There are 2 protein chains.
Amino acid sequence: MRMSTKAQYAVRALVSLNLTSDGDPVSIKDISSRENISLNYLEQLFVKLRRGEIVKSVRGPGGGYMLARPAADIRVDEIIDTVEETLVPVSCMEADGSCSCTSECATQSVWQGLGNQIRTFLASMTLEDLTNEGRRRLDS
Amino acid sequence: MRMSTKAQYAVRALVSLNLTSDGDPVSIKDISSRENISLNYLEQLFVKLRRGEIVKSVRGPGGGYMLARPAADIRVDEIIDTVEETLVPVSCMEADGSCSCTSECATQSVWQGLGNQIRTFLASMTLEDLTNEGRRRLDS
DNA sequence: ATCATACCTGAGTGTTTCTGTCAATTATTT
DNA sequence: AAATAATTGACAGAAACACTCAGGTATGAT
Ligand code: FES
Ligand code: FES
């Protein structure tokens, strides 16, 4: 039951972006070196984040990425969805989910409930919350 | 963010065991055929469940497995721990967890909180709850 | 005793997913 | 034109996953 590094990196990178941004775009290279994440790997993530309209890109010198929306409007569960990490803990609950299990399966209620918990929790946090948390830590 | 089949199978198998048991041990073969789970794979899981004192074994003809404790005393999170599936969503929060991240990392609070949610939810359900749920489904 | 049953154990294996790397291209500003 | 930086797709090593196989051991019934 691990969150993939994709999800971890995406959240970290966006917090970092929002912390260091002063209105200008931030280059992916800066984020990469500050957060110690592979440059090329980060690029893959930002392509998805752009398609998911979490960030927008500015090309050319002085370019980079910036948030596509106010940080308060970006929920953590959205970020994770966007980099393609499922939050449903078992496959039989998904669209194509075929299960060897019979209809009287009692364990479904466990995973169903667990999935809801996870979703609800991550939807209750926004990028702004995390950025404030980061600022608070920097001060101390 | 997927629960491994180890965890899924373990929970299903234990519910099945408890549903069909009438005090006598239940053979792993029965569970295997009823739940469509590989026999040899199930054996591996039950070895761990026995070591974790979730079940006890009865050898020889007519033998099998039975619960080591009342179903009401067996929490779902215990079962998952026992088959060695971590419930901590990121590695940097574990004992040997080394992280490239700096000390002002704001995302820790996300994963910390998420881990607590998952743990709390799964600790709130017992094998008895699930067995009752299964019985209810069988009746309808 | 011996046979069938069923637990017990460890080694091995094919597949998939994860985590990145590399190379080449396109777009923009100076 | 030149430098910057995003964009894309192919590829690859490593690890985890989901089993399978080949035995061995303990017990009860005949
Ligand atoms: S329906 Fe998928 S485990 Fe029962
Ligand atoms: S401490 Fe591990 S991601 Fe920041």
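Side chains included, hydrogens not; waters and symmetry mates left out as well; all remaining heavy atoms used. Here the structure is a predicted model, which is why all the values come from computation and not from measurement.
Looking at A:Thr5, its side chain never comes within 3.5 Å of a backbone N or O of A:Gln8 through a donor-acceptor pair. Side chain of B:Arg2 to backbone of A:Val88: a donor-acceptor contact under 3.5 angstrom is found. With hydrogens and angles disregarded, a donor-acceptor distance shorter than 3.5 Å links the side chain of B:Thr20 to the backbone of B:Ser16.
The nearest whole Å value for the distance from the CD1 atom in A:Ile28 to the P atom in C:dT21 is 13 Å. The distance between atom CE of A:Met3 and atom C1' of C:dC18, rounded to the nearest whole Å, is 15 Å. What separates CD1 of B:Ile37 from P of D:dC17 is a distance of 17 Å, to the nearest Å. The distance between atom CG of A:Asn36 and atom C1' of C:dT19, rounded to the nearest whole Å, is 16 Å. We find that CG of A:Asp24 is positioned 18 Å from P of D:dT4, with the value rounded to whole Å.
Nearest heavy-atom pair across A:Val15 and A:Thr131 is CG1-CA, 4.5 Å. Considering every non-hydrogen atom in both A:Phe46 and A:Leu14, the closest pair reads CE2-CD2, 4.4 Å. Shown here for A:Arg137 and B:Cys105, the closest heavy-atom pair between the two residues is NH1-O, 2.7 Å. Nearest heavy-atom pair, A:Pro25 versus A:Gly62, reported as atom, atom and distance to 0.1 Å: CG-O, 3.4 Å.
Contacts between residues 38-52 of chain B and DNA chain D, defined by a heavy-atom separation under 4.0 Å, are made by B:Ser38, B:Asn40, B:Tyr41, B:Gln44.
Scanning atom types as modelled, no donor and acceptor separated by under 3.5 angstrom connect the side chain of A:Arg59 and the base of D:dT4.
In this structure, A:Ser4 does not reach the C:dC18 phosphate: none of its side-chain N or O atoms is under 4.0 Å from OP1 or OP2. Listed pair A:Tyr65 / D:dT7 meets the phosphate criterion, a side-chain N or O lying under 4.0 Å from OP1 or OP2. OP1 or OP2 of D:dC19 has at least one side-chain nitrogen or oxygen of B:Tyr9 nearer than 4.0 Å. Remark: A:Ser27 is not in phosphate contact with D:dT4, judged by side-chain N or O atoms under 4.0 Å from OP1 or OP2.
Residues passing the salt bridge (Lys or Arg N to Asp or Glu O under 4.0 Å) test with A:Asp81, sequence neighbours excluded: A:Arg119.
Counting only Watson-Crick and G-U wobble pairs whose two key distances fall under 3.5 Å, DNA chain C forms stems of three or more stacked pairs at C:1-30 with D:1-30.
A residue-by-residue look at A:Met1 and A:Lys29 shows that A:Lys29 has its nearest nucleotide of DNA chain D further toward the 5' end.
Listed candidates were C:dG20, D:dT7, C:dT28. Nearest to the side chain of A:Thr5 is C:dG20.
At least one side-chain heavy atom of B:Arg34 sits under 4.5 Å from a side-chain heavy atom of B:Asp30.
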